[in-house]
Each structure stands twice: as structure tokens, then as C-alpha cells.
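What follows is a single structure, written as C-alpha cells, with notes after it.
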Amino acid sequence: MNGVIFDLDGVLVSTDELHYQAWVRLADELGIVGFTKKDNERQRGVSRMESLEVLLEKSDRQYTPEEKTELAERKNSYFKESLNSLTPDDLLPGVLDSLKMLKERGIRTAVGSASKNASYILERIGIEPLLDEVASGLDVTKSKPDPEIFLVAARKLNLPPEECLVVEDAAAGIEAAKRGGMLSLAVGPLYETIGGTFCARDLSRVTDWDTILSR
Ligand code: G6P
Ligand code: MG
């Protein structure tokens, strides 16, 4: 393995929770009841508009495409509001040590995230200098589980997909890695169930990087 591609929300930083809270705020405003963490699991890794569709499954009324655009923008404004208080303290456990260890070993690293806010988030948490490349929602037209985002990230790293490991917290992201011909490391609350090649609760719990990187 010569490269590692990290998803962002829920892998490097705890913004997965902020996405959830922004959707809950929108759900409350729309009078949508019964939108739960379980529904939110299906929004992990999925684009903003597709995440909105997951929320609207719980709504009794139909929305026009124009209304949906407004709803997605509204959710994004709530999410961005919450990003203003994001700091390096919001990095998830083990992230800094893992990035430094990979750099020391000469492994190239990238972010592969569906988020159009990825650059802003990386700036706020201050880890840009530890990453070689960033592929974000602004670089792709297809959403995970399509492998496009990871293939773009691998291309930016100048590495063939099979030499890259994907680190993901979302079922859609693990599937995208598979379709892109990449091995994966599943982390986060669903780490045991989303089918990664390897899994760990978070990056601080990865005990055997040697085995993973030798694949
Ligand atoms: C990530 C998150 C998703 C989010 C998507 C788009 O993949 O896991 O929950 O919907 O990014 O994020 P954005 O910041 O562009 O709305
Ligand atoms: Mg994620």
C-alpha cells in the first residue's frame, strides 16, 4: 500500500454529528417526526441532496425541486453555522498520530469526501499540512457508493487504486472503495457492520498498521 485515502466527516473530524444536528433542526422546522440516528446512518457519506431525500422519506408532503434546493441550502447554512466553532480539538482520536506516522513512512495521503465544505473544514481543524491531496464534493458528479471520489483522489496522488487504502465510516463509502478496487478500513460507530477489509473503532485503535500497509 502506497497511499491512504481518508473520508472526512466521521473519520478525521466529528462533523458527522454536526450534519445530524443540522438535519434534526430542519426536520423540526418541517414538522417531520421520527427522523432518528438510524435514518442518519444512511446519510453518512451521501451527498447533500441524497441526504435530503432520506429525511423527506419521513415527510407526509411532496416538495418541488425548487423547494428541495431551498431545504438543502437551509440545512447547509445550519451546518456551516456549526462549523464556525470547529477547532483542532474536534479531530477524532488517533488522527494526528496516524497522519504523522504515514508521513514518516513515506505513504501518500489524501482526503476523499463527498462534502463541498471539505476545504473549509480542513482549514478549521488545521491538518492540511499533513495531507498531500484533497478530493471533495466539488470534484465529482457521482455520489458514493460510486467510486468516483476515491478514483479522483488516487489520481491526484498519482497512484493506481489498488495501491490505496480507503478509511471510511459509511457503508456507502466502503462499497465505493470495493467498486474502485481498493481495500478499506472501517471506523466509527458502525465499524463492525459495514464490511471493511479491516476495522477498528477509531484510528487510535488500529494496532497493526504493518499488516494493513503490507497488503
Ligand atoms: C459527507 C457526509 C454526508 C454529507 C456529505 C455532503 O459525505 O458524511 O453526511 O451529506 O458529506 O456534505 P456537504 O457538506 O457538501 O453538505
Ligand atoms: Mg464519513
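All of these numbers come straight from a predicted model, not from anything done at the bench. When a ligand or atom number is given, it counts from 1 through the structure's own listing order.
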Open item on the list: Side chain, backbone, both or neither: which applies to Lys116 and ligand 1 if a contact is any heavy-atom pair less than 4.0 Å apart?
Closed with: both
Task: Rounded distance (nearest 0.5 Å) linking atom CD1 of Ile107 with atom CG of Leu157 - done: 11.0 Å
Task: No-hydrogen, no-angle side-chain donor-acceptor test under 3.5 Å, Glu168 and Ser184 - done: no
TODO: For ligand 1, indicate whether the residue Asp7 contacts it via side chain, backbone, both or neither (heavy-atom separation under 4.0 Å).
DONE: neither
- [ ] Do me a favour and list the nearest non-hydrogen protein atom to atom 5 (C) of ligand 1 with residue, atom name and distance?
- [x] Val46 O, 3.2 Å
Task: No-hydrogen, no-angle side-chain donor-acceptor test under 3.5 Å, Asn117 and Asn76 - done: yes
Open item on the list: We want to know whether Glu50 and Ser47 form a side-chain donor-acceptor pair, criterion being a heavy-atom distance below 3.5 angstrom.
Closed with: yes
Task: Contact partition for Ser51 relative to ligand 1, non-hydrogen atoms under 4.0 Å - done: side chain
Task: Protein heavy atom at shortest distance from atom 8 (O) of ligand 1 - done: Gly45 N, 2.9 Å
Task: Opening angle at the Mg ion (ligand 2) [O, Asp9; OD2, Asp7; to 10 degrees] - done: 90°
Open item on the list: With salt bridge (charged side-chain N to carboxylate O under 4.0 Å, His left out) as the test, pick out the partner of Glu53 among Lys68, Arg42, Lys58.
Closed with: Lys68
Task: Heavy atom of the protein closest to atom 12 (O) of ligand 1 (residue, atom name, distance) - done: Ser115 CA, 3.4 Å
